[in-house]
Amino acid sequence: MDRFIIDGGRRLRGSVRVSGSKNAALPILIATLLTDEPCRVDNVPTRLRDIKTTVRLLESLGKKVAVKGSSVRVASGGSLKTQAPYDLVKQMRASVLAAGPLLARFGLVRVPIPGGCAIGLRPIDIHLKAFAALGAREVADGGDIILSAPSLLKAGRVRLDFPSVGATENAMMAAAATPGTSVIENAAREPEIADLGRFLERLGARVSGLGSSRVRVRGASALKGCRHIVIPDRIEAGTFLLAGAATGGEIDLKGAHADDLSAVILKLRAAGAEIKPYTGGIRLVMRRRPKAVSVTTLPYPGFPTDLQAPWMSLMCLARGASRVRETVFENRFLHAAELARMGAQIRARGNEARVAGVERLSGAWVMASDIRAGAALVVAALAAGGRTVVQRVYHIDRGYERLEAKLRRLGARVTRTNA
Ligand code: UD1
């Protein structure tokens, strides 16, 4: 299993390009199941493990997929299957997104229930309620859910109990292949959802209200192929901003969209970072030790749960004490105990952590437990004195493309080993 060896304590300096968004590319690639015509999706972070899993998922369902650089071409490979394989769903929960397109097109789909993961239970009840609102019936069978709508789904009103990102995407995709207008209320507003909406429009659906909590989709029984360019990854960009801030660095993030990171930029400025968005990127300069700033994670446009862990790393080094409240996932403080091994002062109880900043963290052997916890350990390691060994890098590889190469461009000392 790969490890990162990081010799910390160096200011990050220089410029780096942000990759395409993993969380936008995943549903968009899965949405190619909505058409038999060829699609080309560009700016896809194809080196990520989750994208490779998505390609395998599409192939296992009957698509032909060709990956070249950051471009993915998806074409029909004959008739589609309506059963998602368990070994892929258990590796990547987002595989559940195949349910919406397949159910809408064929009136039948069988998906394994994903089960929990390190950051929480993560049920799919909101997805299932959305399908039910469009006329689907569900039966549980041997760890799978079978969804059926013998005379296909009917356009309708879907009200989500919580603005779940995945459930919004599943409902939008199902609605896109269902003639008539469906309305999704209490929809998630993440930029990745707006990108999926734009993709569905290119396929021939009509989508309005993107970025709001009420999305309308006018679907069609036959959708066409298209070409689409995925938006930049705001979570990767945010992670680099935090690494820059934690190391007192000066970095230029090419391709990053400041508008998608408003909540994070606001908090970073409060912590003392100078941030200058410009057309085509974001510059950050951090000249002092960070000030303590509390955050509460919320659905977009609130502070993203996916940056909670790396934010905590920054706060470990702050002057003063802060609180980090996690309201989106129930068990997302696994990084706190690892950060403590590096000298951090964190008291986590329930969904709240109190962080007392220390002047210096020191290198240690630590272990990544999920993508973002892994990113948090890397941020802390870059700022810490001495050597940190981050184990279980495969978690980080799910969500960050060529992380060590990009960090090295910024002057960090990071190597990957397989010892
Ligand atoms: C997506 C992102 C993930 C991010 C999360 C929240 C992708 C591939 N992943 O995950 O990086 O952390 O949004 O911004 O885009 N929930 C239910 N029932 C459901 C669905 C969700 O209870 O049917 C709960 C979840 O357990 C969680 C919360 O709702 O506590 C948010 O989940 P959701 O917004 O659905 O996240 P994902 O789409 O899984």
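All of these numbers come straight from a predicted model, not from anything done at the bench.
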For the student: nearest non-hydrogen atoms of Leu334 and Ser369, plus distance | CB-OG, 3.4 Å
To the nearest 0.5 Å, how far apart are CG in Leu284 and CG in Leu241?
-> 5.5 Å
Give a yes or no on whether Arg159 atom CZ has more than 12 heavy-atom contacts from other residues, nucleotides or ligands under 6.0 Å away.
-> yes
If only atom types and distance count, is the side chain of Arg283 paired as donor or acceptor with the main-chain N or O of Leu253 below 3.5 Å?
-> no
Could you give the distance from SG (Cys316) to CG (Leu361), rounded to the nearest 0.5 Å?
-> 6.0 Å
Does CZ in Arg408 sit with more than 12 non-hydrogen atoms of other residues, nucleotides or ligands closer than 6.0 Å?
-> yes
Arg347 atom CZ, neighbour heavy-atom count above 12 within 6.0 Å = no
CZ of Arg198: more than 12 outside heavy atoms within 6.0 angstrom?
-> yes
Could you grab the distance from atom OG1 of Thr53 to atom NZ of Lys90, nearest 0.5 Å is fine?
-> 12.0 Å
Minimum-distance pair of heavy atoms, taken over all atoms of Thr35 and Gly225 = OG1-N, 3.9 Å
What's the shortest heavy-atom distance between Leu160 and Ala187, and which atoms?
-> CD1-CA, 4.1 Å
Carefully, step by step, assess Ile396 and Leu403 under the rule side chain to side chain contact (heavy atoms under 4.5 Å, CB included).
-> CA-CA 8 Å; Ile396 302 173; Leu403 181 62; 3.6 Å; yes
Just how far is it from atom CG of Asp195 to atom CD of Glu169, taken to the nearest 0.5 Å?
-> 10.0 Å
Looking only at atom types and distance, does a side-chain atom of Arg10 sit under 3.5 Å from a main-chain N or O of Gly411, one as donor and one as acceptor?
-> yes
Can you check whether Asp233's main-chain N or O pairs, donor with acceptor, with Lys22's side chain at less than 3.5 Å?
-> no
Please identify each residue that fulfils ring-ring contact (aromatic ring centres under 6.0 Å, His included) with Phe4, with sequence neighbours left out.
-> none
Is there a donor-acceptor pair closer than 3.5 Å between any side-chain N or O of Arg387 and the backbone N or O of Asp7?
-> no
Could you grab the distance from atom CE of Met92 to atom CG of Leu48, nearest 0.5 Å is fine?
-> 11.0 Å
Salt-bridge present (Asp397, Arg47; N to O < 4.0 Å) | no
Other residues, nucleotides, ligands: >12 heavy atoms within 6.0 Å of Arg289 CZ | yes
Identify the heavy atoms of Ala84 and Val89 that sit nearest to each other, and give their distance.
-> CB-CG2, 4.1 Å
May I ask you to test the Gln91-Arg56 pair for a side-chain heavy-atom distance under 4.5 Å?
-> yes
Is Asp252 salt-bridged to Lys254, going by a charged N under 4.0 Å from an acidic O?
-> yes
Taking atom CZ of Arg413 as the centre, report whether more than 12 heavy atoms of other residues, nucleotides or ligands fall under 6.0 Å from it.
-> no
Among Leu298, Val295, Leu266, Thr296, side-chain contact (heavy atoms from CB on, under 4.5 Å) partner for Phe303 | Val295
Tightest non-hydrogen contact, residues Val74 and Lys63, listed as CG1-CD, 3.7 Å
Should the pair Asp370-Arg372 be classified as a salt bridge under the 4.0 Å nitrogen-to-oxygen rule?
-> no
Among Gln308, Glu326, Arg325, which one satisfies side-chain hydrogen bond (donor to acceptor under 3.5 Å, both in side chains) with Thr297?
-> Glu326
Mind checking the CG-CZ spacing from Asp42 to Arg73? Nearest 0.5 Å is all I need.
-> 8.0 Å
Is it true that a side-chain atom of Arg227 and a backbone atom of Cys39 form a donor plus acceptor pair closer than 3.5 Å?
-> no
Closest non-hydrogen contact found for Ala237 with Leu261 is CB-CD1, 3.9 Å
Is the closest basic N to carboxylate O distance between Glu59 and Lys64 below 4.0 Å?
-> no
Steps toward side chain to side chain contact (heavy atoms under 4.5 Å, CB included) verdict (Leu200, Leu223) | CA-CA 9 Å; Leu200 297 177; Leu223 295 168; 5.8 Å; no
Is the backbone N or O of Val109 less than 3.5 Å from a side-chain atom of Thr82, with the two atoms forming a donor-acceptor pair by type?
-> no
Examine Arg49 relative to Tyr394 and say whether NZ or CZ is less than 6.0 Å from the centre of the six-membered ring and inside a 45° cone about the ring axis.
-> no
Any donor-acceptor pair under 3.5 Å linking the side chain of Glu401 with the backbone of Ser19?
-> no
Glu201 bridged to Arg206 by N-O distance under 4.0 Å = no
Residues Phe131, Arg137; criterion side chain to side chain contact (heavy atoms under 4.5 Å, CB included); working and verdict | CA-CA 8 Å; Phe131 295 139; Arg137 269 184 287 161; over 6 Å; no
Derivation of the side chain to side chain contact (heavy atoms under 4.5 Å, CB included) call for Met1 and Val393 | CA-CA 7 Å; Met1 271 195 281; Val393 164; over 6 Å; no
Donor-acceptor contact below 3.5 Å, side chain Arg110 vs main chain Leu147 | no
